[in-house]
Amino acid sequence: MSQQKPSAPKGMRDFGPEEMARRNYIFSTIRRVYEKFGFSPIETPAMEKLETLTGKYGEEGDRLIFKVLNSGDYLKEPKVSGLDLNQIDSKKLLRHISEKALRYDLTVPFARYVVQYHHQLPIPFKRYQIQPVWRADNPQKGRYREFYQCDADVVGSASLINEVELILILHEVLTELKIQGFKIYINNRKILAGIAEVAGISKQLVSFTVALDKLDKIGKENVLHEMQQNGFSEDSLKKISQVIDAAELKKNTLSFLKKFLSSSETGMKGMDEVSYVIKTAHELGVSNETLELDITLARGLDYYTGCIFEVKVPGSGFGSIAGGGRYDDLTGIFGMPGLPGVGISFGADRIYDLLLAHKLYPSFESTRYKYFFLNFGETESKESLRLIQILRGKNIRCGIYPDAVKIKKQMEYADKVKAEYVCTIGSNELLERKLGIKNMHTGEQHTISWDEFIQQITQEA
RNA sequence: GAGGUUGUAGCUCAGUUGGUUAGAGCGUCAGAUUGUGGCUCUGAAGGCCGGGGGUUCGAGUCCCCUCUUCCUCCCCA
């Protein structure tokens, strides 16, 4: 190769016409359901101020935020900004060279939006947002550096009806996309806090949930071992062990937890919330197999405070395809406390991969042209264009080959773009005010006059 | 951030222990067919073997660095 092969940056992709047809199928399904449930669309910019984003996603999350370099020569006058290059680490340097970043998710920009425009928003405010987000993660299966999230959030209402409705949305979208065997897992941060409280490890809540989250991957023994290494007492481990046993049995988990958490006010509140949500969703048609309490579900985002959801297709080979949860004080960080919120997000790119791997797409036979005109030269093409405009006036997809090249070539092109009919106005047809029409499926061909053709089209339309 | 893996024609890939002029299929282009696609046949073009450095008489092949692909951990959608 004489030149460097061009390519998109690491972890970022192009989408051709075929891929766009499939992606739009996913987006339009999600959008349709969101709107049916009364959500309104908004968009926010690709970049936010760096300070808006940092500290919301945990330590790991902060590392994965794409920072955008300031414009201008920021090293030119270091004294002005108080920058001493001789004694500075990269963290301190960052503040001086970057004050914008690409959004990491859609929830935090939305919280910023709500605080900024709260005076003109109907509260509770239900919005949906379908836009790309960026994470400086290492790409791998189902993981990209640029991917689309499809969020729906309700702010300004603490009612659990919102949780139930979001579950109904998850259920409806995934059912419409014909995804078999998806499971909505639900948990509540208050339950996790309650368990930690009863086990006497409230202070190590994070390391507790991180270890517990790995249960289905590494098993009970290893989870307990990891907790032991983190310095949990024997007594604590014994209690946690009981919880794990109950969780793995998946039978009477609810009644066990109600007993186990009876001494914890927070834990009991979490239980009440989850019980209500599961029961109500069930009454509204979400089956028990689809919606399940999973007390090992933790989720990494720092801002969740109540119910948390995650959707997986067990055995599909893909990670979670949707997630969400309640965040009761996200707007407080931006100076507006007391505005609760809850939301969900579909990972469109993972759904895309999953539908592709399981061959779940309907066929998108998109013929660009119903009538495709060949180009025989200047005078002939003008007549073709006149007819084409008449057709377009009747909302018929049609067009002409722009150059008067060899007919064979034009035919090959018409075949490639899957035109239904090819129309010819050459010198012969021009003289007789006629037009050749070839059906590209059957290969049949006939000639009719221009007037007849227009008449026929008008009748069909 | 840690570990592994991949890179050869537009695409998918061969290329033996280092040894002449790096191959195939598909695609592209031209012709068989002067105004008609798919099928067939004939022919042609197309490569600094990801990039840089090194070992060697000699490197697609061995060594180092870097980028990239895919995967695992971490974390996540």
Side-chain angles (χ1 to χ4, degrees), chain A residues 1-13 26 30 57-65 104-107 130-151 170 206 209-211 213-214 217-218 226 297-302 304 308-313 317-325 343-354 372-377 380 401 404-430 436-445 447:
Chain A
M1 260 149 281
S2 53
Q3 234 184 332
Q4 189 84 5
K5 203 184 265 188
S7 71
K10 186 180 188 158
M12 306 192 180
R13 300 153 299 155
I26 295 171
I30 293 172
Y57 309 109
E59 211 178 308
E60 189 76 11
D62 281 358
R63 214 189 67 209
L64 299 179
I65 295 172
Y104 180 90
D105 72 355
L106 300 178
T107 308
I130 297 176
Q131 286 191 279
V133 302
W134 294 269
R135 296 183 187 177
D137 204 354
N138 271 339
Q140 55 180 276
K141 189 184 175 78
R143 175 176 299 196
Y144 307 98
R145 287 186 151 189
E146 178 182 53
F147 61 97
Y148 273 74
Q149 288 196 330
C150 313
D151 277 34
L170 288 170
V206 173
T209 54
V210 166
D213 193 46
K214 295 177 188 165
K217 269 187 185 168
I218 62 177
E226 186 173 325
L297 176 62
R299 296 186 60 78
L301 301 181
D302 273 3
Y304 289 125
I308 45 186
F309 323 105
E310 195 154 288
V311 180
K312 283 183 187 166
V313 183
F318 291 92
S320 54
I321 54 173
I344 53 165
S345 180
F346 289 93
D349 300 80
R350 285 207 179 152
I351 292 174
Y352 178 95
D353 290 348
L354 188 129
F372 188 74
F373 285 68
L374 303 189
N375 188 330
F376 286 82
E380 293 92 333
Y401 197 90
V405 297
K406 274 190 207 161
I407 295 311
K408 183 186 165 80
K409 223 182 141 109
Q410 299 191 39
M411 284 299 290
E412 279 173 1
Y413 181 84
D415 186 49
K416 217 175 260 179
V417 298
K418 296 196 177 91
E420 283 182 68
Y421 297 95
V422 164
C423 303
T424 49
I425 300 180
S427 49
N428 301 341
E429 291 92 338
L430 192 64
I437 299 179
K438 176 167 184 167
N439 182 320
M440 291 296 275
H441 295 297
T442 62
E444 284 163 20
Q445 201 166 346
T447 331

What closest approach, in Å, do A:Ala348 and A:Cys150 show between heavy atoms, and which atom pair accounts for it? CB-SG, 3.9 Å
A:Tyr401 versus A:Phe372, closest heavy-atom pair with distance: N-CZ, 3.6 Å
What's the [atom1]-[atom2] distance between [X] and [N], to the nearest Å?
X: A:Tyr144; N: B:rC71; atom1: OH; atom2: P; result: 8 Å
X: A:Met12; N: B:rC70; atom1: CE; atom2: P; result: 13 Å
X: A:Leu64; N: B:rC75; atom1: CG; atom2: P; result: 12 Å

Consider the side chain of [X], meaning its heavy atoms from C-beta on, and name the nucleotide among [options] that approaches it most closely.
X: A:Lys10; options: B:rU69, B:rU28, B:rG35; answer: B:rU69
X: A:Gln140; options: B:rU36, B:rC74, B:rG1; answer: B:rC74
X: A:Met440; options: B:rG37, B:rC74, B:rG1; answer: B:rG37
X: A:Ser427; options: B:rG35, B:rG1, B:rG37; answer: B:rG35
X: A:Arg63; options: B:rG1, B:rG38, B:rU72; answer: B:rG1
X: A:Lys416; options: B:rG38, B:rU28, B:rC74; answer: B:rU28
X: A:Ile407; options: B:rA77, B:rG35, B:rU28; answer: B:rG35
X: A:Lys406; options: B:rG31, B:rG38, B:rU72; answer: B:rG31

Tell me whether A:Arg145 is salt-bridged to A:Asp137, with the criterion being a basic N under 4.0 Å from an acidic carboxylate O. no
Salt-bridge present (A:Lys409, A:Glu412; N to O < 4.0 Å): no
Short question: side chain of A:Asn439, backbone of A:Glu444 - any donor-acceptor pair under 3.5 Å? no
So, A:Arg350 side chain and A:Phe318 main chain: donor-acceptor pair closer than 3.5 Å or not? no
So what does [X] hit on the nucleic acid, given a heavy-atom distance under 4.0 Å: a base, only sugar-phosphate, or nothing?
X: A:Ser320; result: sugar-phosphate
X: A:Gly142; result: base
X: A:Gly443; result: base
X: A:Phe346; result: nothing
X: A:Gln149; result: sugar-phosphate
X: A:Ala419; result: nothing
X: A:Phe318; result: nothing
X: A:Val210; result: sugar-phosphate
X: A:Glu380; result: nothing
X: A:Gln445; result: base
X: A:Lys214; result: sugar-phosphate
X: A:Gly377; result: nothing

When A:Pro9 and A:Glu310 are each assigned the nearest nucleotide of RNA chain B, the 5'-most assignment goes to A:Pro9
Between A:Val311 and A:Lys141, which residue's closest nucleotide on RNA chain B lies nearer the 5′ terminus? A:Lys141
Identity of whatever pairs with B:rA2 - Watson-Crick or G-U, under 3.5 angstrom: B:rU72
Assigned partner base of B:rC39, Watson-Crick or wobble definition, under 3.5 Å: none
Centre of A:Tyr144's six-membered ring, under 6.0 Å away, within 45 degrees of the axis: is that where NZ or CZ of A:Arg13 sits? yes
So for A:Glu412 and B:rU36, does any side-chain atom that can act as donor or acceptor lie under 3.5 Å from a complementary atom in the base? no
Please state whether the base of B:rU36 and the side chain of A:Lys438 form at least one donor-acceptor pair under 3.5 Å? yes
For A:Phe147 and B:rA77, are the ring centres under 5.5 Å apart with planes inclined under 30°? yes
Could you measure between the two C1' atoms, the one in B:rG35 and the one in B:rG47, and give it in whole Å? 39 Å
